[in-house]
Amino acid sequence: MSFTSNNKKKIALIDCNSFYVSCERLFNPKIKNVPVVVLSNNDGCVISRSTEAKKLGIKMGEPYFKVKELVKKNNVQIFSSNYSLYGDLSRRVMKVLKGFSDKIEIYSIDEAFIDLSHIKDENIEDYGKRIRERVLKWTGIPTSVGISCTKTLSKVANHVAKKNKTGVIFLKDNIDDVLKNFDISDIWGVGRQLSKLYIKNGINNAHKLKNISNSWVKKSTNVLGAKTVMELRGIPCINLETEETKRKSCCVSRSFGRKVESLDKLKESITTHCLNAAEKIRNDNQTTRSITVFIRTSPFDKNRKYYSNSLTIDLPVATNNSLELVKVAIEGLKKIYKYGYFYQKAGVILSKLSEAGEKNLNLLTPILENKSQTLMKAIDVTNAKYGRNVISVAQAGINNSWKMRREHSSKIDTASFDSLPKISV
DNA sequence: TCTGGGGTCCTAGGACCC
DNA sequence: TCTGGGGTCCTAGGACCC
């Protein structure tokens with residue numbers, strides 16, 4: 001067996017540039033060449049920035065209130081996040097990518113790995129360019145393409161491609177110079193803690209990490225750390241996951257627009273989140289056997305005492321019935337609620353999920369279940385048609401004062417014709 | 001005044017058993 | 001009086017990702 005570069009894999013990572021910003025720009029040509037920023041839920045943090053906004057020094061993940069002055073001074077365009085729009089555009093992008101290779105792993109809302117091993121080395125950059133051009137033409141979303149023989153290296157390539165004019169980089173041989181200029185904390189799989197550890201040991205770029213001894217990495221980190229090092233050396237350790245798998249847990253949580261003190265308000269939010277989580281797993285034809293409720297005060301408020309607590313309750317019978325789940329969730333909430341705190345966030349997590357068809361071998365499972373399943377289905381269909389939470393339960397409340405802030409929404413809905421751009425000829 | 005949300009995987013350590 | 005040790009399973013918490 002020989003290990004020439006010819007039989008090496010070629011993995012491409014296609015990543016949308018400033019994805020959320022690009023989505024907003026699609027429907028608003030006026031913001032094309034100006035600084036634009038998209039905020040997280042509750043208008044809390046900056047989660048997407050245009051190139052112009054990056055140049056102004058606005059950092060990823062920065063709290064919005066800290067950059068408000070900068071935003072005002074430079075007339076930065078601000079948008080609240082609109083996830084149904086981004087999700088819709090993401091599906092369109094992925095559909096185009098599937099036309100280039102059926103071996104595809106949709107890694108996140110704005111990026112995908114595809115296997116291009118069948119393309120010859122000498123043609124691969126052109127192929128990458130074709131991918132970019134088609135995605136741009138068919139969806140309007142700009143992308144960058146990084147290609148190499150492992151996922152970690154194609155991440156590196158993509159990172160470099162973002163700064164390159166052509167937007168496509170193929171990393172094959174003699175990549176040490178690239179790795180020497182690649183910051184340790186920009187490596188996929190190296191987060192805050194690992195960066196700290198590596199820098200303390202004099203490892204401050206990808207090239208140094210690549211040449212570290214196996215025994216040291218295994219001793220000092222864990223299997224994931226060791227895999228990253230192997231991948232930097234061009235030895236694939238992280239497989240392309242082409243099978244679409246269902247989620248193993250489902251979390252719905254939100255920060256409050258205004259701090260919440262009362263148990264009643266917390267009940268409303270937990271009920272709402274629980275209904276949404278139950279609907280999500282029903283959509284995937286799943287049931288849950290465990291529910292966690294959690295509440296917490298703000299970890300940033302130094303003037304008030306911090307309180308955070310959660311409770312996990314195992315269910316005797318797997319279910320996806322909203323009413324059952326809400327009942328259990330509220331019981332849990334009552335146990336962890338403490339009077340006298342200003343709560344900032346609440347949520348539920350459904351775990352131990354399994355396929356709804358799989359029987360839980362409980363002889364006592366009542367036949368009545370069919371009846372409630374019919375009810376759930378009716379609720380889901382109605383909500384899908386007329387908008388989320390049109391049918392709810394009384395405990396969820398209406399017009400809640402704790403609802404999140406969303407002051408900069410573009411209100412674009414790709415399912416509604418009213419918001420489609422108009423062309424005048 | 002104002003600091004997101006939703007996931008996955010790994011590991012240390014406790015509980016339990018013989 | 002003498003108070004082991006090894007194995008498995010589970011879970012909470014941490015680290016990472018976007």
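Naming convention: chains lettered A, B, ... in sequence-line order (proteins, then strands); numbering from 1 in each chain. Keep in mind that the numbers below use all heavy atoms, side chains included, and drop hydrogens, waters and symmetry copies.
A:Arg254 comes within 4.0 angstrom of sugar-phosphate atoms only, judged by non-hydrogen atoms across all strands, and of no base. A:Asn42 comes within contact range of no nucleotide atom at all, as no heavy-atom separation falls under 4.0 Å. Counting any heavy atom pair closer than 4.0 Å across all strands shown, A:Ile349 reaches no nucleic acid atom. Contact annotation for A:Asp43: no contact, since no heavy-atom pair falls under 4.0 Å across all strands. Using a 4.0 Å heavy-atom distance criterion, A:Leu224 is classed as a sugar-phosphate-only contact. As judged by a 4.0 angstrom heavy-atom cut-off over every strand, A:Glu111 is placed among residues touching the sugar-phosphate backbone only. Across all strands shown, A:Ile238 has no heavy atoms under 4.0 Å from either base or sugar-phosphate atoms.
Comparing C:dC17, B:dT11, B:dG5 against the side chain of A:Ser253 picks out B:dG5 as the nearest. Each of B:dG4, B:dT11, C:dC16 was ranked by its minimum atom distance to the side chain of A:Gln193; first place goes to C:dC16. Of the candidates C:dC18, B:dT3, B:dT8, C:dC18 carries the atom nearest the A:Lys155 side chain, counting heavy atoms from C-beta on. The A:Asn41 side chain lies nearest to B:dG5 when the options are C:dC18, C:dC16, B:dG5. Of the candidates C:dC18, B:dT8, B:dG6, the closest approach to any side-chain atom of A:Ser249 belongs to B:dT8. Which of B:dG4, B:dG7, B:dC2 sits closest to the side chain of A:Cys250 comes down to B:dG7.
Atom NZ in A:Lys345 sits roughly 11 Å away from atom P in B:dT3 (whole-Å rounding). Per the geometry, OH belonging to A:Tyr64 stands 14 Å off C1' belonging to B:dT3, to the nearest Å. If you take CD1 of A:Ile109 and C1' of C:dC17, they are 14 Å apart, rounded to a whole angstrom. Taking atom NZ of residue A:Lys66 and atom P of nucleotide B:dC2, one finds them 13 Å apart after rounding to whole Å. Between A:Glu241 atom CD and C:dC18 atom C1' there is a gap of 17 Å when expressed in whole angstrom units. As rounded to whole Å, 6 Å separates atom C1' of B:dC2 from atom CZ of A:Phe65. A:Lys227 has its NZ atom 16 Å from the P atom of C:dC16, to the nearest Å. Summarising the geometry, the separation between CZ on A:Arg247 and C1' on B:dC9 is reported as 17 Å, rounded to the nearest angstrom.
A cation-pi arrangement is absent between A:Lys259 and A:Phe342 under the rule of less than 6.0 angstrom and at most 45 degrees off the ring axis.
One P atom belongs to C:dC18, the other to B:dT3, and the distance between them is 24 Å to the nearest Å.
For the 3.5 Å distance criterion, the side chains of A:Gln344 and A:Tyr306 fail to qualify, holding no donor opposite an acceptor. Side-chain contact annotation: A:Ser215 with A:Ser213, donor-acceptor N/O pair under 3.5 Å present.
Of the two residues near DNA chain B, A:Asn222 and A:Arg405, the one whose nearest nucleotide lies more 5' is A:Arg405. Position along DNA chain B of the nearest nucleotide to A:Tyr20 versus A:Lys280 favours A:Tyr20 as the more 5'-ward residue.
A donor-acceptor distance shorter than 3.5 angstrom exists from the side chain of A:Ser269 to the backbone of A:Leu266, with no hydrogens or angles considered. At distances below 3.5 Å, not a single donor-acceptor pair connects side-chain atoms of A:Ser253 with backbone N or O atoms of A:Gly347.
Base pairing annotation: B:dC18 forms a Watson-Crick or G-U wobble pair with C:dG5, both donor-acceptor distances under 3.5 Å.
The side chain of A:Lys259 contributes an N or O atom lying less than 4.0 Å from OP1 or OP2 of B:dT3. Of the side-chain N and O atoms in A:Ser255, one or more sit less than 4.0 angstrom from OP1 or OP2 of B:dG5. Within the structure, every side-chain polar atom (N or O) of A:Gln344 is placed at least 4.0 Å from both OP1 and OP2 of B:dC2. Of the side-chain N and O atoms in A:Lys248, one or more sit less than 4.0 angstrom from OP1 or OP2 of B:dC9.
The aromatic ring centres of A:Tyr127 and A:Phe100 sit less than 6.0 Å apart. Here A:Phe182 and A:His207 keep their ring centres 6.0 angstrom or further from each other.
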